[in-house]
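Here's the structure we're looking at; comments come further down.
Only heavy atoms go into these numbers, but all of them, side chains included; no hydrogens, no water, no symmetry mates. Since the structure is predicted, the reported quantities are computational estimates derived from the model, not experimental observations.
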Amino acid sequence: MAGYKKDINLLDAMAQKTARVSPLAVAVPVVVFLVLGVFIALGVTWYTSTTTLLSAERTSLQQYLESARLNEAQNKAEELKAQAIEMQGLAGMVKDTLYSLSSYPDLYEEHFDFIFELAGDNIELADYRYDRRTGVLSFSATSPSVRHIPYFVQGLRESNYFSDIQYQGYVKGVRTEDGEPVINATTDVTTIPTIEVTEYRYEITCKLTGPAPALPPLETDEVQEGGEG
């Protein structure tokens, strides 16, 4: 039995196989690769330029910080700050001193006029002492009667001039004084008798009422007030 063999054309088979591959399958990878290459190139360029710019700015800033002008300005600022702190401390001390001085009560003529009027002719005042730091006025009061002093002290306490009145117990004493001249009708001789007077001495301290602490007015305020007047 005779066999049958079919002839095969290899060239036609290869042509048919090649024709089956799509052009997009080749173009897409190439385009993607090119796009990625462009992005990578742009990224490298941006990174390089940014790094260079930042390095230049850092160098410029470092040079500025290390410049002599800035150091001089910083030293001057520190010096002015120290002077300001010192001035604030001095201002606080002056303010406290002015407040303290303004709180000291002053003794005026009206105080003595009031005390003398209250004492009258029955009480003799002497030995005045005044301490401005404490506002305490001390003096002695002498009277021939122990009844006069309590009324005198009560009058001092009821006034607005003093915030506190203290007095110590009396010391009894005797003094002599000249009496009225006496003329003897027979001999026509004038004599001056000596009279013994018993008196009671008290030590009195009066604390003046102090004003409210306040700062003195500024000179500008005084000038303005004078101009307005």
Side-chain angles (χ1 to χ4, degrees), residues 1-108 130-136 163-164 207-229:
M1 179 177 178
Y4 174 77
K5 184 176 180 180
K6 184 179 181 181
D7 294 334
I8 300 174
N9 193 338
L10 296 177
L11 183 62
D12 292 339
M14 292 179 60
Q16 293 176 0
K17 185 177 181 181
T18 302
R20 293 176 183 176
V21 179
S22 175
L24 292 177
V26 177
V28 169
V30 173
V31 172
V32 171
F33 178 78
L34 292 176
V35 172
L36 289 176
V38 171
F39 276 109
I40 292 174
L42 291 176
V44 171
T45 303
W46 175 83
Y47 177 78
T48 303
S49 61
T50 303
T51 303
T52 303
L53 180 61
L54 291 177
S55 298
E57 291 181 353
R58 183 184 63 182
T59 302
S60 177
L61 181 60
Q62 186 69 24
Q63 292 176 352
Y64 173 75
L65 293 175
E66 295 176 354
S67 64
R69 179 179 298 178
L70 178 62
N71 291 334
E72 182 180 356
Q74 288 179 345
N75 294 334
K76 188 65 175 179
E78 292 294 332
E79 181 181 353
L80 293 175
K81 182 179 179 181
Q83 292 179 358
I85 294 175
E86 182 180 1
M87 293 298 295
Q88 288 178 352
L90 293 175
M93 294 175 58
V94 171
K95 184 177 180 180
D96 293 340
T97 302
L98 292 176
Y99 267 117
S100 179
L101 291 175
S102 66
S103 64
Y104 291 161
D106 289 324
L107 189 64
Y108 298 105
Y130 179 64
D131 187 350
R132 191 174 185 271
R133 295 174 301 176
T134 60
V136 174
S163 61
D164 185 42
K207 184 175 180 59
L208 272 69
T209 302
L215 292 177
L218 298 177
E219 294 182 359
T220 55
D221 295 340
E222 294 178 354
V223 172
Q224 293 177 356
E225 292 178 358
E228 292 177 358

Between CG on residue L208 and CG on residue D131, distance to nearest 0.5 Å: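 L208 CG to D131 CG: 11.0 Å, rounded to 0.5 Å.
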Residues which pass side chain to side chain contact (heavy atoms under 4.5 Å, CB included) with I40, listed by chain and number, not counting sequence neighbours: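 Once residues adjacent in sequence are excluded, the partners of I40 under the side chain to side chain contact (heavy atoms under 4.5 Å, CB included) criterion are V44.
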Listed partners of D164 passing salt bridge (Lys or Arg N to Asp or Glu O under 4.0 Å), at least two apart: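 D164: no salt bridge (Lys or Arg N to Asp or Glu O under 4.0 Å) contacts found.
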